[in-house]
Structures are given as C-alpha cells and as structure tokens.
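Structure first, commentary second.
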Amino acid sequence: MQLHGIHHLTAVSANARGNHDFYTRALGMRLVKKTVNQDDVSAYHLFYADGAASPGTDLTFFDWPVGRERRGTRAIVRTGLRVAGRAALEYWAARLGEAGVPHGEVREVDGRLQLDLEDPEGQRLTLLDDGGAGPFHPWPRSPVPEAFQIRGLGPITISVPDLAPSALFLTEVMGMRRGRSYAAPDGAGEAVQVYEMGEGGPAAELHVRVEPGLAPTQPGAGGVHHVAFRVRDEEYDYWVDRLRRLRIPSSGPVDRFYFRSLYTREPNGILYEIATDGPGFATDEPLEALGERLALPPFLEPQRAAIERNLKPL
C-alpha cells in the first residue's frame with residue numbers, strides 16, 4: 001500500500017479578500033470551495049483548484065488574524081504549481097511582471113524549468129514545467145489562457161535541520177522511496193533530497209532541504225500549515241491501522257465531509273495529512289457552481305447564521 005501523490009496543501013493568510021483576489025485573478029485558479037475551518041469556524045477555509053476541483057490541485061488557506069511568518073527550518077517552505085512547457089513559464093514571467101508580483105527568472109533546477117514567485121503575503125511558490133503529463137481540467141472562466149493555466153500541485157519542499165529522522169519517517173512510516181538529490185538552487189545548505197510516491201513525477205514528490213544552521217520557523221501569514229498526501233477511499237482504513245500498529249501518534253480518523261483525513265507530525269515537527277480522494281467537493285454543490293456560496297458540512301449547518309455574521313465578505 002502506498003501514497004499516490006500530493007492531495008492538497010494548506011497555508012495561512014491574514015487577508016482573505018486579498019488572497020481571493022490574487023489566486024483567482026492573478027493566478028487564474030478557481031475558488032472551488034468557500035467554507036470555514038472546521039476546528040475554528042471564525043476563519044475562512046478557501047480552496048483553489050483546477051476547473052474540476054480535482055484531488056492533487058487544491059491550494060487552500062486558513063484566514064487567521066496573525067502577523068507574518070518568520071522564516072526558518074522545521075517547516076514547509078515552497079509550494080510547486082505545475083504548468084506545461086517553456087512557453088507557459090514565459091507567459092507567466094510576463095504576466096507576473098505586468099502585475100508587479102515579485103518573481104525570479106525562468107531557470108532549470110533539478111532538470112526542470114521553473115519560475116519562483118511570492119504572493120502578496122510572502123507565500124513562496126514555484127511555477128514548474130511538468131511536461132504536460134497527466135490529466136488536466138482547465139477552468140473556462142479563468143483569466144489565464146487554457147494552455148498556460150496551473151495544472152496542479154507539486155513538488156512540495158520542506159526544510160529540516162536533521163535529515164536522518166525525517167528520512168526514516170518518510171520511508172519506513174509513509175512508504176515513500178528516496179529518488180535522487182540535487183544541489184540547492186540558491187547554493188545554501190546541503191543537497192536537496194527527493195522522496196517519491198506512487199508513479200513519481202512532480203505531482204508525487206516531496207523535496208527535503210537540510211538546513212541545520214536555521215532557527216525554527218515562527219508560524220504566521222505567508223507560511224504553510226500542512227501538506228496532505230493522496231490515498232484512495234478504500235485505502236484509508238489501512239493507513240489508520242498502520243499508524244496505530246506502528247504506535248505513531250496521530251489524530252485518528254477525521255471526517256472532513258469532502259474527504260477523510262488522518263494527521264500526524266514527522267520527527268522535525270512538520271504536520272502531514274493523509275486524505276482520501278473522495279467524496280469530493282461536488283458533494284453539496286453542483287460542479288458548475290462550486291465556490292459561489294458559503295458551503296458548510298452538515299454538522300455546522302445549524303450554525304450558519306452565526307457563522308455568516310462573523311465572516312468578512314470576499
């Protein structure tokens with residue numbers, strides 16, 4: 001039994017309206033679910049994805065009134081967003097430049113072309129050429145032409161001060177395989193180690209930076225809360241039982257209504273989630289109308305009026 005790739009990544013914003021504007025307008029992603037943090041209903045939980053709200057394409061945000069992240073190690077430090085081809089990256093370099101979005105140059109890293117950028121709160125992102133491999137579901141209403149739209153997530157990069165315990169956890173607990181290494185693109189720290197899931201490729205890779213000289217990250221806006229890995233619906237119970245058998249501390253089963261979750265922390269403190277592909281975001285809304293209204297799971301529906309009063313309009 002193995003993980004199949006990246007399911008979603010959840011980051012932190014302190015500006016829901018600005019966040020919504022950047023990811024839907026500047027990056028052209030689709031808001032596929034406007035809901036709340038199920039553990040803190042005062043906060044939005046916004047999900048941006050492809051046109052079909054496919055697992056593996058969801059970049060999500062908690063809206064919390066917090067200061068900026070203080071960057072460091074023991075954290076998820078960069079999120080890959082896949083596009084197809086050099087022409088797409090050149091389009092994005094021009095688009096970001098015109099919009100005044102901080103970004104680097106198109107360059108080759110680990111054998112792939114990529115373009116680094118930051119959102120208005122300092123969220124570190126990379127547009128990466130995935131060669132057009134795998135399924136793609138464009139959003140017809142995106143301001144970005146179909147050929148250049150973001151196709152999904154991956155790879156995800158974490159930073160740890162000590163590789164050994166994290167590597168052991170990834171291979172022996174999470175069942176990933178060590179793939180290769182490459183020089184850190186900024187010349188700092190040790191070689192970046194690549195761990196693969198499923199069929200591999202950028203949608204199924206976790207990249208590990210080893211940076212023992214850094215202080216731990218202080219969480220905040222512009223940072224990342226957790227990364228989730230994909231399992232098929234019928235594989236979920238196996239992973240619940242596996243962590244229990246290995247005596248790995250975890251959340252135990254959690255039903256998020258749109259998918260089932262299981263949370264655990266790796267030895268350097270980074271939060272991982274295992275999440276099912278189903279039932280999906282069209283469970284309570286038509287696919288064509290996703291994200292247009294506040295969606296609440298059934299157990300929160302009786303609180304709708306109070307929840308809506310406390311949320312800021314987007």
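In this chain, numbering begins with 1 at the start of the sequence shown.
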Worksheet entry | Test salt bridge (charged side-chain N to carboxylate O under 4.0 Å, His left out) applied to R107 and D116, step by step | CA-CA 9 Å; R107 59 176 176 164; D116 294 342; 2.9 Å; yes

Worksheet item: Are the side chain of T171 and the backbone of R177 linked by a donor-acceptor contact shorter than 3.5 Å?
Response: no

Worksheet item: Are the side chain of S142 and the backbone of G28 linked by a donor-acceptor contact shorter than 3.5 Å?
Response: yes

Are [X] and [Y] within salt-bridge range, i.e. N to O under 4.0 Å?
X: E98; Y: R95; value: no
X: D233; Y: R260; value: no
X: E205; Y: R180; value: yes
X: D63; Y: R17; value: no
X: R68; Y: E118; value: no
X: R230; Y: D277; value: yes
X: K33; Y: D58; value: no

Identify whether [X] and [Y] are in the same connected component of the hydrophobic contact network (ILVMFWY, side-chain heavy atoms under 4.5 Å).
X: V77; Y: L128; value: no
X: M1; Y: L170; value: yes
X: F257; Y: F299; value: no
X: L89; Y: V101; value: yes
X: I248; Y: M197; value: yes

Say you draw a straight line from [atom1] of [X] to [atom2] of [Y]; how long is it, rounded to the nearest 0.5 Å?
X: L127; Y: Q114; atom1: CG; atom2: CD; result: 9.5 Å
X: R242; Y: T264; atom1: CZ; atom2: OG1; result: 11.5 Å
X: Y236; Y: T276; atom1: OH; atom2: OG1; result: 7.5 Å
X: T35; Y: L46; atom1: OG1; atom2: CG; result: 9.0 Å
X: I150; Y: L59; atom1: CD1; atom2: CG; result: 8.5 Å
X: L290; Y: W139; atom1: CG; atom2: CH2; result: 11.0 Å

If you count heavy atoms of other groups shown closer than 6.0 angstrom to [atom1] of [X], is the number above 12?
X: R245; atom1: CZ; value: yes
X: E105; atom1: CD; value: no
X: E90; atom1: CD; value: yes
X: R86; atom1: CZ; value: no
X: R25; atom1: CZ; value: no

Would you say the rings of [Y] and [X] are close, in the sense that their centroids are separated by under 6.0 Å?
X: Y23; Y: F61; answer: yes
X: F259; Y: H7; answer: yes
X: H45; Y: F62; answer: yes

Worksheet entry | Close side-chain approach of V192 to R209, heavy-atom, < 4.5 Å | yes

Worksheet item: Tell me, do P298 and D284 make a side-chain contact under 4.5 Å, heavy atoms counted?
Response: no

Worksheet entry | side chain to side chain donor-acceptor pair (under 3.5 Å) between E266 and S166, worked out | CA-CA 6 Å; E266 60 92 55; S166 292; 2.5 Å; yes

Worksheet item: Would you call the rings of Y258 and F281 parallel, tilted or perpendicular if under 30° counts as parallel and over 60° as perpendicular?
Response: tilted

Discussion item. Check the orientation of F169 and Y272. Use parallel for under 30°, tilted for 30 to 60°, and perpendicular for over 60°.
Written reply: tilted

Practice prompt. For R244 and D237, run salt bridge (charged side-chain N to carboxylate O under 4.0 Å, His left out): C-alpha distance rounded to whole Å, both residues' side-chain angles, the deciding distance at 0.1 Å, then the answer.
Written response: CA-CA 11 Å; R244 185 180 296 126; D237 289 340; over 6 Å; no

Fill in: CA sep, side-chain torsions, deciding dist, call: S159, T73, side chain to side chain donor-acceptor pair (under 3.5 Å)
CA-CA 5 Å; S159 170; T73 189; 2.8 Å; yes

Worksheet entry | Residues S13, E121; criterion side chain to side chain donor-acceptor pair (under 3.5 Å); working and verdict | CA-CA 7 Å; S13 171; E121 295 181 287; 2.7 Å; yes

